[in-house]
Amino acid sequence: MSQYDPAAVEAKWQKKWEEAKIFSIDLKKAKNPYYTHVMWPYPSGDKLHVGHWYNFGPADSLARFKRMQGFDVFSPMGFDAFGLPAENYAIKSGIPPAKSTADNVKTMIGQLKRMGCMYDWTHSANSSHPEYYQWTQWLFLQMFAHGLAYKQEGNVNFCPSCQTVLANEQCQDGTCERCDTVVVQKPLAQWYWKITDFVERLLKNLDTLDWPEKTKAMQRNWIGKKEGIDITYLVDGCNERIVCFTTRPDTNFGATFIVLAPEHPFAQKVASGALPSKEKGAVAAYLEATKKKTELERQEEGRKKTGAFTGYEAINNLNGAKMPIWVSDFVLAGFGTGAVVGVPGHDLRDFEFAQEFRIPVIRVVVGPDGDTSFITRPEQVQEEAGTMVNSSFLDSLPIMEAKERIMNFLEEKKYGKRVTTYRLRDWLISRQRYWGALIPIVYDPEGNPHTVPEKHLPWLLPTDVEFKPTGTSPIAGSPELKKRVEKIFGKGWTPECDTMDTFVCSSYYSLMYLAAQNDAKEYRQRPLSSGALVDPKLEEKWMPVDCYIGGAEHACMHLIYARFVGMALKDFGFIQHEEQYQRLIHQGVITNKGAKMSKSKGNVVSPDSFVEKYGSDVFRLYLMFMGPFTEGGDWSDTGIKGVDRFVQRVWRLYSEKLPSGRKLNKKVDQVDAQVTSKLHATVKKVTEDIERLHFNTALSALMELLNVLEKQDVLAPDAARTYATLLAPLAPHLAEEVWEYSGGKGFVIDQDWPGYDASQLVASTITIVVQVNGKVRGEFTASPDITEKEALEFAKAEENVQRHLEGKKIKKEMYIPGRLVSLVVA
RNA sequence: GCCGCUGUGGUGGAAUGGUAGACACGGGGGACUUAAAAUCCCCCGCCCGUUCUUUACGGGCGUGCUGGUUCAAGUCCAGCCAGCGGCACCA
């Protein structure tokens with residue numbers, strides 16, 4: 001029999017699947033819906049890389065498994081086609097993004113088809129198509145109509161390399177998430193979406209989601225909820241008040257100063273002279289200096305504290321103490337009230353500041369070490385739990401109790417008010433880039449924004465522009481758009497020239513897969529005239545996505561935006577399920593020599609040569625065999641031969657040991673009892689392993705079974721067909737081939753997933769181990785129905801066991817059925 | 001600093017509290033072959049002892065470290081150490 005030829009076999013089955021249209025499902029008629037998809041890729045000029053395969057291959061295996069279990073599995077694929085990667089590729093190649101993106105999508109579909117995944121191409125989506133982005137713009141209009149979209153001037157993150165502003169989520173360590181360039185702050189008027197209105201829901205719903213704990217923790221962390229109190233202090237000698245947010249009001253008797261963020265209005269007034277002060281010059285100079293610093297420079301300063309005294313003092317409500325008011329850039333304008341009350345004895349940063357500017361330190365908490373001395377060294381700063389001292393009516397209380405007492409006191413006296421703060425900021429959605437969905441806004445001659453009426457959607461992206469980024473929107477240079485706006489709205493009206501963050505496009509794409517129409521030759525999105533982005537019946541039936549698979553790097557970006565948009569769309573009345581993704585799985589990361597693969601490092605592994613040599617089944621099997629799916633691993637090609645050997649051995653088993661001709665359909669299944677029990681055990685194991693995404697052990701179970709089957713003289717046709725079905729989710733092409741070869745009817749992917757018989761799992765003899773004082777001293781074989789009494793007898797009769805029992809008394813003996821006998825002697 | 005995760009042979013990795021190292025890779029030895037490839041069979045954690053010293057048996061140690069619970073711990077508990085990921089001058 002000839003060798004297994006993956007290229008020919010895989011092409012054969014891909015063609016058959018496509019011709020039979022078995023993967024396109026009727027969303028309306030499906031009875032047992034199961035919706036799963038991966039995070040859609042962005043089309044660039046490159047081929048699919050190992051990361052794609054590692055994500056898509058196992059995800060497809062899970063989809064196939066579910067299908068065989070009787071679900072109507074909907075597994076679509078689409079393209080995150082707007083955005084920087086596509087635009088940058090266009091800039092580099094000089095080809096307009098609309099053309100290059102379309103070309104790249106075409107190539108990519110070809111590559112995806114070569115993988116052999118069961119995607120339903122009749123329900124695809126592409127965020128750069130006008131039929132898609134009209135809905136992105138519609139979403140903006142909905143947000144605007146419900147008061148969730150607003151324009152505001154403020155300091156924003158700007159990436160000098162990408163030439164656009166970025167959302168908080170897209171700046172990491174002060175650098176751009178896409179290109180690692182240091183981000184600068186710029187005061188600009190930008191569009192925001194009010195994600196902060198949904199913080200509590202975003203937090204609360206996390207408990208209901210079947211997501212990795214790690215991801216939920218990251219989101220909680222990112223949202224950064226803190227409960228504390230805003231305390232208002234009067235400023236001595238003027239009519240001003242300063243409100244400080246603190247989570248530790250219990251230490252307020254130890255407060256010795258106040259620090260303001262440079263952006264704080266009080267600091268600005270001192271610097272401008274609106275509030276008279278001897279220190280005006282120093283404050284103005286300090287504010288000027290901090291303004292010039294980049295985020296990175298600030299970080300490089302480390303913990304060294306800088307600052308300027310304002311010349312004013314605030315009065316502590318509790319004891320009348322005067323607290324000098326300082327300005328320092330370690331206080332952030334965007335958190336709390338932008339003003340901090342300094343308690344240097346019990347906060348390390350405050351201590352460092354106090355030391356730098358010789359401000360007194362007061363101890364108000366004694367920790368478990370009992371140290372009551374003056375705090376003069378950073379190690380002595382007591383931030384942990386302890387007992388109150390020097391704090392009037394709080395003395396001798398544990399800090400948690402003191403906190404409650406003082407908060408009640410401050411509220412009663414109207415000195416303060418309990419508040420909850422969050423770190424999450426509103427989502428900045430404006431981008432000064434060309435390749436995105438235009439924000440559907442126009443400005444009247446006075447500069448007031450107005451929405452573009454729905455009937456003008458899609459609000460087409462102009463094509464008469466230089467799409468290279470310059471820092472202002474390239475679209476501003478479009479004569480066509482200017483003309484269009486004046487024609488529709490009147491003379492002097494101007495367009496908004498920014499596009500939306502691509503995370504807007506991807507915040508609702510799972511709904512767009514459902515909304516795609518499959519009645520045309522090429523898929524189309526639902527028309528705008530239908531009033532809602534998705535048919536409510538389909539949404540109710542299919543959402544939320546049962547299993548969503550993609551990288552963990554999206555935890556605080558796409559995955560938080562999509563949750564927000566789901567909630568908003570539900571509130572607007574368009575959908576039923578506010579959480580779009582019930583179950584989320586992150587594949588691990590495949591590294592190369594320990595480093596993340598990236599083009600700039602030049603360590604990207606291309607799957608192509610392996611796929612060409614071994615086939616797509618072998619390549620994806622190998623990735624799955626490397627280790628648990630969620631853990632990823634370091635790339636090495638040394639083991640791929642082992643998986644190739646496995647595939648070849650499977651083929652040889654069928655071609656050499658399967659009875660041919662008529663015998664194939666006769667009942668010749670006098671399968672050896674040992675083989676039968678192994679077969680049932682394998683069905684059980686493979687089922688359980690795929691369910692928990694341990695594809696690696698599912699495959700090793702199939703290898704073990706193969707080892708057993710190879711030792712038989714004949715491969716029983718029933719066993720052969722069962723083996724083919726077990727193989728189907730993991731090696732879809734090979735499975736079809738051996739299914740057909742062993743006389744199976746139709747496609748193996750259309751077969752029912754095999755069940756197992758628990759009574760068949762028990763082998764005819766079992767091995768029982770004997771331990772004496774916890775150490776293995778022997779073993780014996782017995783029938784599975786051995787009684788406890790017999791087991792103990794056999795155990796004691798073992799030669800080596802007897803040696804260890806000699807001259808000793810048995811104090812305790814126990815039998816763990818089917819496993820071991822444990823004897824304790826003294 | 002805070003949150004989350006991980007730590008097992010030469011390597012990737014297996015192990016509902018019950019024989020640690022399944023399944024592979026790699027290596028060693030052998031068979032087949034004129035030869036090679038392919039294929040097939042056997043062996044491979046460390047140390048020690050006994051034995052016909054190419055065989056077999058026995059003992060001790062061994063899952064990052066130190067303790068604890070248990071007849072029994074890679075697994076459970078406490079305290080560390082190291083690495084990875086996220087957040088971070090967040091009051």
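Numbered from 1 within each chain, the chains take letters A, B, ... in sequence-line order.
Not a single donor-acceptor pair under 3.5 Å links the side chain of A:His694 to the backbone N or O of A:Asn696. With hydrogens and angles ignored, the 3.5 Å screen pairs no side-chain donor or acceptor of A:Asp689 with any backbone N or O of A:Phe695. With hydrogens and angles ignored, the 3.5 Å screen pairs a side-chain donor or acceptor of A:Arg363 with a backbone N or O of A:Val365.
When heavy atoms are screened at a 4.0 angstrom cut-off, A:Ser822 is found touching base atoms of the nucleic acid. Across all strands shown, A:His346 has no heavy atoms under 4.0 Å from either base or sugar-phosphate atoms. If you check every strand for non-hydrogen atoms under 4.0 Å, A:Met814 touches a base. Residue contacts shown for A:Pro628 are limited to sugar-phosphate atoms, with no base heavy atom under 4.0 Å away. No contact: A:Arg220 has no heavy atom under 4.0 Å from any strand. Nucleic acid contact class of A:Asn800 (heavy atoms, under 4.0 Å, all strands): sugar-phosphate only. Using a 4.0 Å heavy-atom criterion, one finds that A:Arg777 contacts the sugar-phosphate atoms exclusively. A:Asn707 comes within 4.0 angstrom of sugar-phosphate atoms only, judged by non-hydrogen atoms across all strands, and of no base. Heavy atoms of A:Thr767 sit under 4.0 angstrom from at least one base atom. The residue A:Gly224 sits apart from the nucleic acid: no heavy atom pair falls under 4.0 Å. In this structure, A:Phe625 reaches the bases: a heavy-atom distance under 4.0 Å links it to at least one base atom across the strands shown.
A 3.5 Å limit on both hydrogen-bonding distances identifies no Watson-Crick or G-U partner for B:A15. Base pairing of B:U6 is made with B:A82, judged by Watson-Crick or G-U wobble geometry with both donor-acceptor distances under 3.5 Å. Base-pair partner of B:G58: B:C48 (Watson-Crick or G-U wobble, both distances under 3.5 Å). Across the strands present, B:C87 finds its partner in B:G1; the criterion is a Watson-Crick or G-U wobble pair with both atom distances under 3.5 angstrom.
For the pair A:Lys641 and A:Asn221, nearest-nucleotide mapping onto RNA chain B gives the more 5' position to A:Lys641. Looking at which nucleotide of RNA chain B each of A:Asp634 and A:Ile640 is closest to, the 5′-most match is held by A:Asp634.
Taking the six-membered ring where the residue is Trp, the centroids of A:Tyr622 and A:Phe610 are separated by 6.0 Å or more. Taking the six-membered ring wherever Trp is involved, the centroid distance between the rings of A:Trp53 and A:Phe619 falls below 6.0 Å. Between A:Tyr54 and A:Phe629, the distance separating the two ring centers is shorter than 6.0 angstrom.
Taking atom CG of residue A:Leu621 and atom P of nucleotide B:A24, one finds them 14 Å apart after rounding to whole Å. In this entry the distance linking NZ of A:Lys214 with P of B:G4 reads 13 Å, nearest Å. The distance from atom CG of A:Asp644 to atom C1' of B:A24 is 14 Å, rounded to the nearest whole Å.
Using atom P as the reference point in both B:C3 and B:A78, the two lie 14 Å apart (nearest Å). On the C1' atoms, B:G12 is 34 Å away from B:G68, given to the nearest whole Å. Separation of the P atoms belonging to B:A14 and B:A22 is 13 Å when rounded to the nearest angstrom. Spacing of P atoms, B:U66 relative to B:A82, comes out at 16 Å, to the nearest Å.
Judged by atom type and distance alone, A:Lys305 reaches the base of B:C89 through a side-chain donor-acceptor pair under 3.5 Å. Scanning atom types as modelled, one donor and one acceptor separated by under 3.5 angstrom connect the side chain of A:Gln771 and the base of B:G18.
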